[in-house]
Amino acid sequence: MEGTKTPLSSGDKILIKQSWSQFTSTGSLADVGVPMFAKLFADYPDVKTLFSFMREGGGSLESEAVRNHAEGVMGVVGTAVESIDNLEGLVPTVRSLGAKHYTYGAQTAHLGPVGECLLYAMEKKLKEKFTNETKLAWLKLYDVISVAFQDGLEEEGRKQG
C-alpha cells in the first residue's frame with residue numbers, strides 16, 4: 001500500500017469522521033479490529049511471529065489477547081480521527097509507538113500490509129458506504145500515521161544499532 005503524501009482536505013476530514021463513526025457504531029473497538037488482524041495473519045502469516053499472543057496458546061483470533069490488541073490499535077486510529085484537525089499533535093505519540101514496536105521486531109515493510117488490512121476491514125463492514133473517495137481520504141490519514149510510526153522505528157533502530 002503506497003502512501004499519498006497529500007494533505008487532508010476539509011472534505012477528506014469529513015469523510016474520515018463519518019466513516020469512522022459508521023465503522024465503530026455497531027460494535028466494540030475489539031469487534032471491529034479483529035477482522036483486520038484476521039486478514040493480516042491470513043495474508044501475511046510471517047507477521048504472526050511478531051505477536052507473543054499468536055506464538056503462545058495457539059493464537060486464536062478470539063483470544064482475549066488478540067481482542068485487547070485489536071482494541072488498542074483501533075483506539076489509536078480513533079485518536080487519529082479525533083485529532084484530525086491537529087495531526088501534528090499526534091505525531092509524537094505515534095512515533096513513540098513506532099519506537100516501542102521496534103523492540104518487538106516490527107519493520108517498515110509491515111506498515112503497508114497493516115494499512116491494507118485496516119482498509120479491508122473498513123470496506124468489508126461499510127460495504128458501498130466505503131467509497132473510493134473515502135478510501136483515498138483514509139490513505140492520506142494512514143500516510144501521516146505510518147510516516148510517524150516509521151520515524152519511531154528508524155530512530156529506535158539507530159539508538160540500538
Side-chain angles (χ1 to χ4, degrees), residues 1-40 44 47 50-51 53 65-159:
M1 189 178 90
E2 189 66 31
T4 62
K5 309 286 191 242
T6 305
L8 289 163
S9 69
S10 57
D12 292 332
K13 293 175 183 181
I14 290 168
L15 287 170
I16 289 167
K17 288 176 184 178
Q18 287 174 341
S19 59
W20 182 252
S21 176
Q22 293 165 345
F23 181 63
T24 58
S25 67
T26 59
S28 69
L29 291 178
D31 291 338
V32 297
V34 167
M36 180 189 104
F37 282 96
K39 176 79 169 162
L40 183 66
Y44 304 93
V47 301
L50 301 176
F51 298 88
F53 53 78
V66 171
R67 291 184 58 77
N68 287 342
H69 194 73
E71 181 176 23
V73 170
M74 291 298 124
V76 171
V77 175
T79 299
V81 173
E82 292 168 7
S83 305
I84 204 158
D85 292 315
N86 180 26
L87 288 173
E88 285 303 314
L90 182 67
V91 167
T93 300
V94 176
R95 193 175 284 144
S96 177
L97 279 171
K100 179 179 177 183
H101 281 73
Y102 177 85
T103 63
Y104 303 138
Q107 301 171 14
T108 58
H110 298 134
L111 295 172
V114 169
E116 172 190 318
C117 294
L118 169 64
L119 296 181
Y120 165 84
M122 293 186 75
E123 188 169 17
K124 183 177 177 188
K125 182 162 183 167
L126 297 177
K127 298 182 180 18
E128 69 278 349
K129 292 178 185 173
F130 197 73
T131 64
N132 193 51
E133 189 177 15
T134 302
K135 182 176 183 176
L136 291 174
W138 274 97
L139 283 169
K140 292 177 189 178
L141 177 60
Y142 189 74
D143 186 57
V144 172
I145 294 168
S146 64
V147 166
F149 195 95
Q150 181 175 335
D151 288 348
L153 279 174
E154 292 173 351
E155 183 178 324
E156 189 63 25
R158 285 189 296 274
K159 285 181 186 175

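Position 1 is the first residue of the sequence; numbering continues from there.
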Over 60° means perpendicular and under 30° means parallel, so tell me whether Trp20 and Trp138 are parallel, tilted or perpendicular. tilted

So which pairs with a foot in residues 76-86 pass salt bridge (Lys or Arg N to Asp or Glu O under 4.0 Å), sequence neighbours left out? Lys13-Asp85, Lys17-Asp85

What's the verdict on side-chain hydrogen bond (donor to acceptor under 3.5 Å, both in side chains) for Ser28 and Asp31, showing C-alpha distance, side-chain angles and the deciding distance? CA-CA 5 Å; Ser28 69; Asp31 291 338; 3.2 Å; yes

What are the two closest heavy atoms between Val94 and Ile145, and how far apart are they? CG1-O, 3.3 Å

To the nearest 0.5 Å, how far apart are NZ in Lys125 and OG in Ser25? 6.0 Å

Quick one: do the Asp12 and Ser9 side chains pair a donor with an acceptor below 3.5 Å? yes

CD (Glu133) and NZ (Lys135) are apart, to the nearest 0.5 Å, by 14.0 Å

To the nearest 0.5 Å, what is the distance between CG (Leu141) and OG (Ser146)? 9.5 Å

When every non-hydrogen atom of Tyr44 is compared with those of Cys117, the smallest separation belongs to CE1-SG, 4.3 Å

Search all heavy atoms of Leu126 against all heavy atoms of Ser19 and return the closest pair with its distance. CD1-O, 3.7 Å

Donor-acceptor pairs under 3.5 angstrom involving side-chain atoms of residues 95-104: please list them, not counting sequence neighbours.
residue	atom	partner	partner atom	Å
His101	ND1	Leu97	O	2.8
Thr103	OG1	Lys100	O	2.6

Note: Phe23 and Ala121 closest approach over all heavy atoms is CE1-O, 3.5 Å

Is any side-chain heavy atom of Thr131 closer than 4.5 Å to a side-chain heavy atom of Thr134? yes

Check: Tyr142 and Val77 side chains under 4.5 Å, non-hydrogen atoms: no

Please work out which of the three classes, parallel, tilted or perpendicular, describes the rings of Phe37 and Phe51, given edges at 30° and 60°. perpendicular

Do Leu8 and Leu87 come close enough that some side-chain heavy atom pair is under 4.5 Å? yes

Note, Thr24 side chain near Met74 side chain (heavy atom, < 4.5 Å): no

Presence of salt bridge, Glu71 and Arg67, under 4.0 angstrom: no

If you look at every heavy atom in Ala137 and Leu15, which pair is closest and at what distance? CB-CB, 4.4 Å

On a heavy-atom basis, the closest approach of Leu50 and Gly105 is CD2-O, 3.5 Å

Between atom OH of Tyr120 and atom CZ of Phe130, what is the distance when rounded to the nearest 0.5 Å? 12.5 Å

Can you tell me how far NZ of Lys129 sits from CD of Gln18, rounded to the nearest 0.5 angstrom? 10.5 Å

Measure the spacing between CD of Glu154 and CZ of Arg158 and express it to the nearest 0.5 Å. 6.5 Å

